[in-house]
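All remarks here apply to the structure that follows.
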There are 2 protein chains.
Amino acid sequence: MSNQEGRAPVLGDASADDCSCLSIAPLGEDESVELARLFKALGDPVRLRLLSMIATRGGGEVCVCELTPAFDLSQPTISHHLKLLREAGLIAAARRGTWVYYRVLPEATDRLAAVLARPEVSEGGRK
Amino acid sequence: MSNQEGRAPVLGDASADDCSCLSIAPLGEDESVELARLFKALGDPVRLRLLSMIATRGGGEVCVCELTPAFDLSQPTISHHLKLLREAGLIAAARRGTWVYYRVLPEATDRLAAVLARPEVSEGGRK
DNA sequence: CGTCTATATTGACAAACATCGATCCAGAAG
DNA sequence: CTTCTGGATCGATGTTTGTCAATATAGACG
């Protein structure tokens with residue numbers, strides 16, 4: 001019960017692989033475990049919508065009191081999903097007075113986007 | 001037991017939203033359900049490595065007989081993971097003789113990459 | 001036909017997960 | 001201090017998931 005949001009496994013130097021991209025070199029075991037944790041956090045409709053609602057603020061912060069009533073789910077459930085997104089390193093929380101505000105950590109989504117991106121099919125550079 | 005791989009929910013016209021991107025407009029419920037199914041398929045280290053091993057072939061096909069021995073898992077387990085990737089629309093299978101070959105469907109990963117991509121932070125276009 | 005080999009499917013089981021109600025904690029405001 | 005409110009945590013519960021051994025299917029080869 002010490003630091004559950006102090007972890008930043010996202011930018012970690014997970015592997016000295018040459019490419020954090022699916023289609024260049026096969027993913028190593030460690031890197032795949034780390035990436036799978038991120039993708040799993042996105043593998044729920046509620047969390048995807050939460051992340052989207054927060055990301056729409058473009059760097060700004062969103063109060064939890066604004067997120068919770070947007071779903072047909074109990075307040076503990078939303079809090080649980082926010083915690084998973086936080087533990088995955090996709091969002092960060094900041095308390096201000098009575099309210100808690102969340103913001104997106106773009107490094108995480110950037111990394112996933114880079115993993116999924118194709119490395120250019122540009123000209124006929126075929127072998 | 002009719003068509004379990006004939007489905008291509010990936011390119012579906014899931015929603016008439018303006019943007020299939022996280023940070024422009026919040027995701028709708030339907031679209032988030034559909035995207036979450038794709039991300040969930042990537043939310044497992046074994047499946048990520050499988051996809052990566054197939055994608056490394058750059059459009060080519062990979063025999064299952066080449067994938068299975070790369071893991072410390074039973075053959076049915078690998079077959080199960082390949083099935084999930086297939087049902088998610090991320091890969092497709094083709095039987096040739098006794099062997100089955102898998103290839104990546106780039107439209108799926110492209111779509112996920114587009115969802116995660118940031119729409120350019122270019123110059124100081126701040127309000 | 002029967003046999004062998006490569007995948008897929010089935011059934012079972014433990015672990016992980018999503019959800020809820022109840023409760024707790026942290027600040028604000030009396 | 002006490003009370004109120006926003007949010008997190010706890011405990012329980014039903015569902016999903018990852019894994020395996022056993023079995024089934026599909027094609028090749030006698």
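The model shown is predicted, which means the values in this text are computed figures rather than measured ones. Numbered from 1 within each chain, the chains take letters A, B, ... in sequence-line order.
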Query raised in the report: Roughly how far, to the nearest 0.5 Å, is the CG atom of A:L42 from the OG atom of B:S32?
Result: 12.0 Å
Requested in this report: Using whole Å, report how far CZ of B:R96 lies from C1' of C:dA6.
Outcome: 14 Å
Requested in this report: Could you point out which residue of B:L51, B:L50, B:L48, B:T56 forms a side chain to side chain contact (heavy atoms under 4.5 Å, CB included) with A:L27?
Outcome: B:L48
Query raised in the report: Which heavy atom in B:C21 sits nearest to a heavy atom in B:A117, and how many Å separate them?
Result: SG-O, 3.8 Å
**Report entry** Single hit among A:I54, A:T109, A:L84 for side chain to side chain contact (heavy atoms under 4.5 Å, CB included) with A:L90
**Finding:** A:T109
Requested in this report: Drop me the distance from A:R86's CZ to A:L82's CG, to the nearest 0.5 angstrom.
Outcome: 7.5 Å
Query raised in the report: Roughly how far, to the nearest 0.5 Å, is CZ of A:R47 from NZ of B:K40?
Result: 8.5 Å
Query raised in the report: Could you give the CZ-to-P distance, from A:R86 to D:dT9, as a whole number of Å?
Result: 6 Å
Report task. Classify the side chain of B:Q75 and the base of C:dA6 as holding, or not holding, a donor-acceptor pair under 3.5 Å. Result -> no
Requested in this report: Using a 4.0 Å heavy-atom cut-off across all strands, classify B:L73 as base, sugar-phosphate, or nothing.
Outcome: sugar-phosphate
Query raised in the report: D:dA24 P sits how many Å from B:K83 NZ, rounded?
Result: 17 Å
Requested in this report: Evaluate whether atom CD of B:E66 has more than 12 neighbouring non-hydrogen atoms of other residues, nucleotides or ligands under 6.0 angstrom away.
Outcome: yes
Query raised in the report: A:E87 has an atom CD; how far is it from atom P of C:dA16, in whole Å?
Result: 14 Å
Query - Shortest side-chain distance from B:S74, nucleotide among C:dT7, D:dC20, C:dT19 - result: D:dC20
**Report entry** Members of residues 40-47 of chain B that approach DNA chain D, where some heavy atom sits under 4.0 Å away
**Finding:** B:K40, B:D44, B:R47
Query raised in the report: Is there a residue in residues 62-70 of chain B whose heavy atoms reach under 4.0 Å of DNA chain D, and which residues are they?
Result: none
Query - Proximal nucleotide (of D:dC20, C:dA8, C:dC20) relative to the A:T77 side chain - result: C:dC20
Requested in this report: Answer with base, sugar-phosphate or nothing: what part of the nucleic acid does B:Y102 contact at a heavy-atom distance below 4.0 Å?
Outcome: sugar-phosphate
Requested in this report: Nearest whole angstrom, please: distance from the P of C:dT9 to the CG of B:L82.
Outcome: 11 Å
Report task. Name the nucleic acid region contacted by A:H80, choosing base, sugar-phosphate or nothing; use a 4.0 angstrom heavy-atom cut-off, strictly under. Result -> base
Report summary line: By nearest-nucleotide position on DNA chain D, the 5'-leaning member of B:L84 and A:T98 is A:T98
Query raised in the report: Quick one: CZ on A:F39 to CG on B:L116, what's the gap to the nearest 0.5 Å?
Result: 6.5 Å
Requested in this report: Mind calculating the distance between CZ (A:R95) and P (C:dA28) to the nearest angstrom?
Outcome: 9 Å
Query raised in the report: Does the side chain of B:V46 come within less than 4.5 Å of B:T77's, by heavy atoms?
Result: no
